[in-house]
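Given the structure is predicted, the values throughout are model-derived calculations rather than measurements. The first residue in the sequence is number 1, and the count goes up from there. In listed order, ligands and their atoms are each counted from 1.
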Amino acid sequence: MEESAYNKLIHQEDLSADEPALRLNQEKPQVSLSLVWPASTWTSRRVIEIILAALAAVLLAVDIGLGVYYKNLTDESRAVMSISREVAELNAAHEAATMIQEEAQMRLKQEITKQQVIKWQVEYQVKRNGEYKKLADKLQRDIAALKSHIPTIRESCRHCLPRWTLVDSACFFLSFSEIYSSRSWQEARDFCKKHGSDLAVVDTFEKQLKLNQLINIHHQDLSRSISQSGFWIGLRDVDSEAVWKWLDGTKLSEGFWNDGEPNNSGNEDCAATYPRSNPFKGWNDAPCTYNLKWICEMSAS
Ligand code: MMA
Ligand code: CA
């Protein structure tokens with residue numbers, strides 16, 4: 001095509017030689033230019049310039065595009081890096097959480113095992129509690145049975161000091177021996193008190209009977225006169241005549257007086273028991289200053 005245009009330009013030059021007047025006014029710029037720079041070259045140059053300009057525009061556009069693309073790429077890269085970092089952090093957190101979870105699971109397993117052991121222990125204890133309860137009930141019954149024997153055993157175990165005699169759950173001392181000189185009611189009482197006792201309170205027939213028997217046995221020789229053969233007991237009417245009281249202040253309800261006694265013969269305020277075949281008639285009231293034997297009493301240990 002360029003060749004065609006060039007040929008065309010050459011033909012136009014040939015024509016101008018044939019018809020110079022006609023074409024002079026019409027194509028004057030072409031003629032003047034053709035002196036310096038051929039018209040075809042100029043056109044080509046314009047085309048090239050245009051092409052270059054277009055290329056430059058394209059390159060600029062590409063550059064801008066690349067710039068924008070690169071910028072976007074950099075942003076994306078940053079975003080990718082940030083996401084990678086986050087992912088790494090999340091992975092680390094996940095690993096840590098997994099470790100904690102595993103540890104917790106292990107502890108839970110251990111705890112469950114412990115709980116199981118405790119459960120078995122409780123079962124065992126509950127079973128044993130039942131057995132203990134049965135045992136406790138049996139022991140209670142045994143204790144009650146044994147307790148019921150205590151009074152009998154206690155009674156059989158009661159005993160008195162040497163030379164003291166057990167009568168009706170109490171211990172009695174009778175001054176039979178000659179080493180104990182006869183003495184007044186008060187002196188006799190002092191002796192008893194000195195030995196942790198007091199003059200005898202003969203307030204039951206059982207006591208009177210037993211003491212009377214003992215006195216009768218020891219009064220074999222009968223050398224002693226009847227008035228001297230008495231044994232002081234813890235009974236007086238010293239506060240009020242004919243009102244006989246035991247040592248603790250208890251009034252005498254019924255006594256074992258001999259016939260005609262108490263007669264208060266010459267002021268007799270102290271009572272004594274004497275050797276008698278009939279134990280119901282053992283007592284006489286005598287002057288408290290009389291020297292007689294005596295009977296002490298203390299509770300059995
Ligand atoms: C008689 C009798 C008693 C009296 C004493 C005093 C031997 O008995 O009279 O009542 O107490 O004597 O010794
Ligand atoms: Ca008398």
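Inclusion of N264 in the first shell of the Ca ion (ligand 2) is not supported: no N, O or S atom falls under 3.0 Å. When distances to the Ca ion (ligand 2) are checked against a cut-off of 3.0 Å, N284 contributes an N, O or S atom below that limit.
The nearest pair of heavy atoms linking P275 to N216 is CA-OD1, 3.3 Å.
With respect to the salt-bridge test (charged N to carboxylate O, under 4.0 angstrom), the residues D142 and K138 qualify. Salt-bridge annotation for R78 and D75: present, with a side-chain N of the basic residue lying under 4.0 Å from a carboxylate O of the acidic one. Using a cutoff of 4.0 Å between basic side-chain nitrogens and carboxylate oxygens, E131 and K134 are not scored as salt-bridged. Salt bridge absent: D168 and K210 never bring a charged side-chain N and a carboxylate O closer than 4.0 Å.
Summary: OE1 is the N/O/S atom of E268 found nearest to the Ca ion (ligand 2). E261 contributes OE1 as its N, O or S atom closest to the Ca ion (ligand 2).
At distances below 3.5 Å, at least one donor-acceptor pair connects side-chain atoms of E297 with backbone N or O atoms of V201.
Evaluation of the side-chain hydrogen bond (donor to acceptor under 3.5 Å, both in side chains) rule for K245 yields no partner, not counting sequence neighbours.
The number of heavy atoms from other shown groups lying within 6.0 Å of CZ (F205) is above 12.
The Ca ion (ligand 2) is the vertex of the angle joining OD1 of D285 and OD1 of N263, which measures 80° to the nearest 10°.
Using a 4.0 Å heavy-atom criterion, the residues that approach ligand 1 are S227, E261, N263, E268, N284, D285, Y290.
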